[in-house]
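Below is one structure. I have some questions about it.
Side chains included, hydrogens not; waters and symmetry mates left out as well; all remaining heavy atoms used.
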Amino acid sequence: MNVTTEMLENYVIIPNFLWEFRISTTAKLVYSVILTEAMRQKLLDDQGHSYAEMTIGQISEQANVRKGSVEKIMHSLSCIGLIDYRKKSNRIYPKKPVIGKKKSI
């Protein structure tokens, strides 16, 4: 089955590799919201990398998580290499992790 934009409006994609990380369920949800939004928006930078343009408030609203918690989770996701967050432009690049050693936040 192909994922359509219409489907992405109604669902959040949770990739299987997230279960390899010892991170909170809320962190998995925040990452999944970002990934799904990047897939929905279909934005590419000059180098062809996919990203989502989202504010902390938008993520907070979609994930139903406090803004302060989202900020902490974003920092943690960045530290373990799951996202690259460009705060000035609100660009968030979801990354594909290198699986092997389990990581935790």
Could you check whether any side-chain N or O of Gln58 sits under 3.5 Å from a backbone N or O of Thr55, counting only pairs where one atom can act as donor and the other as acceptor?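 Yes: the side chain of Gln58 pairs with the backbone of Thr55.
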Hey, what do you get for CD1 (Ile56) to CE (Met74), rounding to the nearest 0.5 Å?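 It is 4.0 Å, given to the nearest 0.5 Å.
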How close do Ala63 and Leu29 get, counting heavy atoms only, and between which atoms?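 What the structure gives for the nearest pair is O-CD2, 3.5 Å.
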Main chain of Ile13, side chain of Thr36: is a donor-acceptor contact present, judged purely on distance under 3.5 Å?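 Such a contact is found between Thr36 side chain and Ile13 backbone.
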Could you tell me whether the side chain of Ser69 and the main chain of Val65 form a donor-acceptor pair under 3.5 Å?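 Not a single qualifying donor-acceptor pair exists.
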Looking at CD1 of Ile83 and CZ of Arg91, how far apart are the two atoms once the value is rounded to the nearest 0.5 Å?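 One gets 15.0 Å once the value is rounded to the nearest 0.5 Å.
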Check against side chain to side chain contact (heavy atoms under 4.5 Å, CB included), Ile23 and Tyr31: CA-CA 11 Å; Ile23 59 177; Tyr31 177 86; 5.8 Å; no
Rounded at 0.5 Å granularity, tell me how far OG in Ser60 sits from CE in Met54.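 Those atoms lie 10.0 Å apart.
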Testing the basics here: between Ser50 and Pro94, what is the closest heavy-atom pair and its distance to 0.1 Å?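 Result for this residue pair: O-CD, 3.9 Å.
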At what distance, to the nearest 0.5 angstrom, does CD1 of Ile73 lie from CD1 of Ile34?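 One gets 9.5 Å once the value is rounded to the nearest 0.5 Å.
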Side chain to side chain contact (heavy atoms under 4.5 Å, CB included) between Asn90 and Tyr85, intermediate numbers included: CA-CA 7 Å; Asn90 288 322; Tyr85 178 40; 3.9 Å; yes
With sequence neighbours excluded, give me every ring pair (Phe, Tyr, Trp, His ring centres under 6.0 Å) pair touching residues 36-60.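 Checked against ring pair (Phe, Tyr, Trp, His ring centres under 6.0 Å) - neighbours excluded - the pairs reaching residues 36-60 are Tyr51-Tyr93.
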Check salt bridge (Lys or Arg N to Asp or Glu O under 4.0 Å) between Asp84 and all other residues, then give those that pass, not counting sequence neighbours.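 Asp84: salt bridge (Lys or Arg N to Asp or Glu O under 4.0 Å) contacts with Arg86.
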Say you draw a straight line from CG of Leu82 to CD1 of Ile92; how long is it, rounded to the nearest 0.5 Å?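 Answer for the CG-CD1 pair, Leu82 versus Ile92, is 13.0 Å.
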Within 6.0 angstrom of Glu61 CD, more than 12 heavy atoms from elsewhere: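 No, because the 6.0 Å sphere around CD of Glu61 holds 12 heavy atoms or fewer from other groups.
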Cluster check Leu43, Met39: I/L/V/M/F/W/Y, side chain < 4.5 angstrom: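 Result: no, two separate clusters.
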Taking all atoms of both residues into account, what is the closest heavy-atom pair of Lys67 and Gly57, and its distance?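 The pair with the smallest heavy-atom distance is CE-CA, 3.7 Å.
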CZ/Phe17 to NZ/Lys28 distance, rounded to the nearest 0.5 angstrom?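 If we round to the nearest 0.5 Å, Phe17:CZ and Lys28:NZ are 11.5 Å apart.
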For atom NZ of Lys72, decide whether the heavy atoms of other residues, nucleotides or ligands shown that lie under 6.0 angstrom number more than 12.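 Incorrect, the count does not exceed 12.
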Is there a donor-acceptor pair closer than 3.5 Å between any side-chain N or O of Gln41 and the backbone N or O of Glu53?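 Checked: pair present.
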